[in-house]
Amino acid sequence: MANVDLVSVVAVFAAMTAAAGVPAVLPRLGIPGVVLEIAAGVVIGPQVLNLVHPGPIVVTLSTLGLCVLFLLAGFEVDPDVLKGRPLRLAWRGWALSAVLAAGAGFALAAAGVIEAPMFTALALTTTAVGALLPILRDAGRLGPPYGPIILATGAIGEAAPLIALSLILAGATGAVGQALILIGFAVGAAAAVMVAARTTHGHFAAVVARSMGSSGQFPLRLVLLLMVLLIALSEELRIDLVLGAFVAGAVVRAALPHHQHEALLTRLDGLGYGFLIPIFFIASGVRLDVMSLFTDMRALAMVPVFALLMLVVRGLPVLLLAREDLDAPARQALALHAGTQLPLVVAIAAIAVQGGVMPPWQAASLIGGGVLTMLVYPTLGLSRLAR
């Protein structure tokens, strides 16, 4: 087992390096890194080279990667930027998306096309803000008026599905009991953010500033400890662990003085995008049932259908609701970026397959649709913004 794990770890790190090396050598290729990482996972997985079988080491690193991805998403959410109308637009848009997704999911299930309509609908309501942030940041598109709206849309597009997922998974304790637990968790999270905001000045802030550049990296280690503690609490409360990671990011942002945000973000980016997050996407590719797309025509045909549904479900509401805030090209870009999905689609599909409610071919189609949105929608959105 140790030898198998060692081969898997070496193969994962080789795939991680190759996925980063391709866009570095071929910058005009235009394929997002997350797509290359999933593709690399497929290649080294059991369906192609058969080098990697998810053992305890790879699974643990993959789980940490998923958590750091949502830690960064929570850290990037600036309450000062998102408050007010952007946040109201985001909530209204997601609520409308939920209605559209439920209609599409149950209609397809009634027609016998898919199974697990609840999980499918939930996947359609997500937005890949964690994957979009580097793209938008590099393009300089996070400033107002567009930046706050897409950040709020993406934040709600991750937080709301996570809350709904926690409710769906709470069958053992009952929906009412789990709803009360979630409300308590939300109140506790809000209180933690408020308390953390009071530490931005004083002795703690001085300690953070003094140790930020030291070899001990005390602030970074403190962030990771907070993330692990909130993940453990989430597991105990039967709440999805990524929600705990997301809250940890928000608490850390509130606790730090504004001038320290960029310094810590640089370190989190290095740990996350340089190490742990790619392992999550590679491991997702390893587990992806790609062969079903080529052996089942229904599975292959559903890939563009899911990609289109993701655009309609997430894009149409923001296209309609943001008419007073953005011009037509910017609203079209917002629709395309809101319809870009993948990380939560991967997580939701994996949970549904493990629970035996979604067939592997459907999970592969859903993830394939998410990959297609990552390949097409961000670039089209940036081209619309350029106008």
Side-chain angles (χ1 to χ4, degrees), residues 64 66-88 90-91 129-130 133 148 151-152 154-167 177-214 216-269 271-272:
L64 284 173
L66 176 63
C67 293
V68 172
L69 178 68
F70 284 92
L71 172 78
L72 280 165
F75 187 83
E76 290 277 10
V77 176
D78 187 350
D80 294 332
V81 175
L82 300 184
K83 64 184 179 182
R85 183 160 176 80
L87 196 58
R88 291 195 297 272
W91 273 115
V129 67
L133 277 173
L151 284 175
I156 299 304
E158 288 190 333
L162 289 177
I163 293 170
L165 179 63
S166 297
L167 284 172
Q178 192 63 18
L180 292 175
I181 290 174
L182 279 170
I183 291 171
F185 185 83
V187 172
V193 171
M194 293 174 63
V195 171
R198 296 178 179 272
T199 66
T200 55
H201 303 285
H203 182 66
F204 176 75
V207 171
V208 169
R210 189 168 60 248
S211 58
M212 184 69 76
S214 69
Q217 293 294 315
F218 170 70
L220 179 60
R221 297 187 190 192
L222 192 61
V223 170
L224 295 177
L225 173 61
L226 177 63
M227 180 188 76
V228 171
L229 287 174
L230 283 173
I231 289 170
L233 178 62
S234 300
E235 287 285 278
E236 286 296 317
L237 297 177
R238 296 180 60 81
I239 299 171
D240 197 87
L241 57 87
V242 292
L243 187 58
F246 189 89
V247 170
V251 171
V252 169
R253 184 180 186 90
L256 284 182
H258 283 280
H259 65 277
Q260 293 289 348
H261 287 173
E262 193 61 35
L264 183 60
L265 182 60
T266 300
R267 288 157 176 77
L268 288 172
D269 273 347
L271 174 67

Item to check | Nearest non-hydrogen partners of G157 and P161, listed with the distance | outcome: O-CG, 3.1 Å
Checklist entry - How many angstroms lie between atom CG of L224 and atom CG of L268, to the nearest 0.5 angstrom? => result 7.0 Å
Checklist entry - L264 versus F75: any side-chain heavy-atom pair under 4.5 Å? => result yes
Checklist entry - Taking side chain as C-beta onward, heavy atoms only, is V195 less than 4.5 Å from V251? => result no
Next on the checklist: Counting C-beta onward and ignoring hydrogens, is there a side-chain heavy-atom pair between L225 and R221 closer than 4.5 Å?
Outcome noted: no
Checklist entry - Do any N or O atoms from the side chain of E262 and from the backbone of H259 form a donor-acceptor pair under 3.5 angstrom? => result no
Checklist entry - Could you state the interatomic distance from CD1 (I231) to CG (L66), rounded to the nearest 0.5 Å? => result 8.5 Å
Checklist entry - Where do P86 and A152 come nearest, in terms of heavy atoms and distance? => result O-CB, 3.4 Å
Checklist entry - About how many Å separate CG of D269 and CZ of R267, when rounded to the nearest 0.5 Å? => result 11.5 Å
Checklist entry - Shortest non-hydrogen contact from A245 to C67? => result CB-O, 3.2 Å
